[in-house]
Amino acid sequence: MRAVVYHGPGQKSWEEVPDPEILDEGDAIVRVDATTICGTDLHILNGDVPDVHQGRILGHEAVGTVWDAGEGVHTVAPGDRVLVSCISACGTCRFCREGRYGQCLCGGGWVLGHTIDGTQAEYVRVPYADTSTYQIPDALSDEEALMLADILPTGYEVGVLNGNVRPGDLVAVVGAGPVGLAAIAGAQLYSPGHIVAIDLSDARLEAAKRFGADVTINNSREDPLRVIRDLTGDLAGRLGADVSIEAVGTPATFELAVKLVRPCGRIANIGVHGAPVTLDLDEQWIRDITITTGLVDTYSTPALLKLVASGQIDVKPFITHHLGLDEFDEAYDTFARAADTSALKVALTRSDDE
Ligand SMILES: NC(=O)c1ccc[n+]([C@@H]2O[C@H](COP(=O)([O-])OP(=O)(O)OC[C@H]3O[C@@H](n4cnc5c(N)ncnc54)[C@H](O)[C@@H]3O)[C@@H](O)[C@H]2O)c1
Ligand SMILES: [Zn+2]
Ligand SMILES: [Zn+2]
């Protein structure tokens, strides 16, 4: 089969590799019908995720058809259309029993395209298939369901729920890439007072408006702290966002997210960081802030599937580019140059003659 293989920072190629095989009775082999690229893949290519070794097949998002299943797989069978979650789960370890699948102790968690071969391929081996895949409601297309593999649960769990967004809150979202936009879509469910999107790219800020941000700030031109303080009617500099969500993964954006929040506010970090970040505790200790970090667990996937199927969350606007499965070079280039291409999610789908 063919797959996107990582060859060290800045290097990857779409090349011929051996087909995956069932290694454990809980495994399934899934034929990839649709896959996409995450900001995390860009971090990997930037050398920010050292656990990813050369030779690894990238990708942790897919919708596909079960091709083969080990003897221990009971809930999905060959021919089933499934969502392959970015998080695999053994379902039985201490963390999985608490729904904290991201921290699975038995070879689950974020493994696809990280510590085992991933989904940017014609076929993928999915460990613990029973607890790592989801049947897809008929109402959802493959591309729509693909938005639930990572970005939607990530924005919702690690941004909105960790940040404890409440009705009336001023929610600041730093970074309006697909994950930040998913956080905006998820925050909408809680009737916030304002959603303020902050990004360096005007194209992404336009997208943020479509997903429900009522204020957008290009922080290359405007000071977000000043805008947010104006919004809260605060002249003494003591108010700010109730919740700030960091969805970029750089020292500058994390520090900005901390600055934007009011005393007693909540900062939810989503970004994958490749470098240490300064937390100015000499300024912050007195402000009673809460900072959360998180790898997505995907415990919200069943609820989000219902919200998308019922139309309460519209995922179609996430998909800006449609390409074939062998067009990864163009797909990576389009996604990495999002400010020029206006790309959000680039969906790569298998054609029937492949
Ligand atoms: N915690 C998790 O489980 C998890 C899961 C998935 C993705 N992530 C991470 O979430 C982050 C966002 O993912 P994505 O797919 O949306 O990535 P992306 O690269 O498409 O989007 C990042 C956005 O940040 C903006 N940006 C960059 N520097 C900025 C700055 N200084 N100020 C304001 N905006 C800035 C960019 O213009 C871009 O729109 C990444 O760090 C990704 O690795 C985390
Ligand atoms: Zn991801
Ligand atoms: Zn587990």
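As the structure lists them, so they are numbered: ligands from 1, and atoms in each ligand from 1.
Of all the heavy atoms of T40, the ones lying under 4.0 Å from any atom of ligand 1 are found in both the backbone and the side chain. With a 4.0 Å cut-off on non-hydrogen atoms, F335 touches ligand 1 through its side chain and not its backbone.
Looking only at distances, no side-chain donor or acceptor of S85 sits under 3.5 Å from a matching main-chain atom of S132. A donor-acceptor pair under 3.5 Å is absent between the side-chain atoms of Q135 and the main chain of D80, judged by distance alone. Put simply, the side chain of T133 never gets that close to the backbone of L83: no donor and acceptor are under 3.5 Å apart.
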Quick one, D297 with I87, criterion side chain to side chain contact (heavy atoms under 4.5 Å, CB included). Give me CA distance, side-chain angles, the key distance, then yes/no. CA-CA 7 Å; D297 288 306; I87 299 297; 5.9 Å; no

Would D142 and R81 satisfy salt bridge (charged side-chain N to carboxylate O under 4.0 Å, His left out), going step by step from the backbone distance to the final call? CA-CA 9 Å; D142 286 358; R81 185 168 80 115; 2.6 Å; yes

Evaluate the criterion side chain to side chain donor-acceptor pair (under 3.5 Å) for residue pair D130 and H74; output intermediate values, then yes/no. CA-CA 7 Å; D130 280 330; H74 303 297; 5.1 Å; no

Apply salt bridge (charged side-chain N to carboxylate O under 4.0 Å, His left out) to the pair E15 and R2, showing each step before the final yes or no. CA-CA 5 Å; E15 62 189 53; R2 284 162 303 166; over 6 Å; no

Assess the residue pair T35 and Q120 against the criterion (side chain to side chain donor-acceptor pair (under 3.5 Å)); give the C-alpha distance rounded to whole Å, side-chain angles, the decisive distance to 0.1 Å, and a yes or no. CA-CA 6 Å; T35 184; Q120 290 170 6; 5.1 Å; no

Apply side chain to side chain donor-acceptor pair (under 3.5 Å) to residues E157 and S300 and explain how you reach the verdict. CA-CA 7 Å; E157 294 175 14; S300 67; 2.7 Å; yes

Verdict with reasoning, E143 to S141, per side chain to side chain donor-acceptor pair (under 3.5 Å): CA-CA 5 Å; E143 288 189 349; S141 69; 5.7 Å; no

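Using a 3.5 Å distance cut-off with no hydrogens or angles, the side chains of S220 and N218 do pair a donor with an acceptor. Looking only at atom types and distance, the side chain of Q284 has a donor-acceptor partner in the side chain of R287 under 3.5 Å away. No donor-acceptor contact under 3.5 angstrom links the side chains of T349 and D33, judged on distance only.
Checking only distances, V174 never comes within under 3.5 Å of ligand 1, N or O to N or O. Looking at ligand 1, you'll find an N or O of H43 within less than 3.5 Å of one of its N or O atoms. In terms of polar-atom proximity, R204 is counted as a contact of ligand 1, with an N or O under 3.5 Å from an N or O of the ligand. In terms of polar-atom proximity, A247 is not counted as a contact of ligand 1, lacking any N or O under 3.5 Å from an N or O of the ligand. Here's the thing with P178: one of its N/O atoms is less than 3.5 angstrom from an N/O atom of ligand 1.
Between C38 and ligand 1 there is a heavy-atom distance shorter than 4.0 Å. Within the 4.0 Å heavy-atom shell around ligand 1 one does not find A338.
In terms of protein heavy-atom proximity, atom 3 (O) of ligand 1 is nearest to V296 N, 2.9 Å. Ranking the protein heavy atoms by distance from atom 17 (O) of ligand 1 puts G39 CA, 3.5 Å first. When only non-hydrogen protein atoms are considered, atom 34 (N) of ligand 1 lies nearest to D199 CA, 3.6 Å. The protein heavy-atom contact nearest to atom 4 (C) of ligand 1 is T154 CG2, 3.6 Å. The protein heavy-atom contact nearest to atom 29 (C) of ligand 1 is L200 CD1, 3.5 Å. With respect to atom 16 (O) of ligand 1, the closest heavy atom belonging to the protein is V179 N, 3.0 Å. Nearest protein heavy-atom contact of atom 30 (C) of ligand 1 is T253 CG2, 3.3 Å.
Sorted by first and then second residue, the salt bridge (charged side-chain N to carboxylate O under 4.0 Å, His left out) pairs involving residues 256-267 (not counting sequence neighbours) are D169-R266, D242-R262.
Electrostatic pairing of R56 and D117 counts as a salt bridge here, judged by a charged N lying under 4.0 Å from a carboxylate O. One finds no salt bridge joining D150 and K345 here, because no Lys/Arg side-chain nitrogen approaches an Asp/Glu carboxylate oxygen to under 4.0 Å. Ionic pairing of D27 and R125 is present here: one or more N-O contacts between side-chain nitrogen and carboxylate oxygen are shorter than 4.0 angstrom. Residues E122 and R31 are not paired through a salt bridge, judged by the lack of any N-O separation under 4.0 Å between the basic side chain and the carboxylate.
Relative to the ring axis of Y332, K12 places its NZ or CZ within 45° and under 6.0 Å from the centre.
Here the shortest heavy-atom distance to atom 28 (N) of ligand 1, taken over T293, V272, V248, belongs to V248. Nearest-heavy-atom check against atom 32 (N) of ligand 1 across I151, I37, N219, I270 picks out N219. Distances from atom 6 (C) of ligand 1 to the heavy atoms of N162, D150, V173 put D150 nearest.
Excluding waters, the count of protein N/O/S atoms less than 2.8 Å from the Zn ion (ligand 2) comes to 3.
Those atoms of ligand 1 that come under 4.0 Å of a heavy atom in G294, given as number and element, are 1 (N), 2 (C), 3 (O). Those atoms of ligand 1 with a heavy atom of L295 less than 4.0 angstrom away are 3 (O).
Partners of R94 by side-chain hydrogen bond (donor to acceptor under 3.5 Å, both in side chains), not counting sequence neighbours: none found.
The Zn ion (ligand 3) has C90 SG, C93 SG, C96 SG, C104 SG as protein N, O or S atoms under 2.8 Å away.
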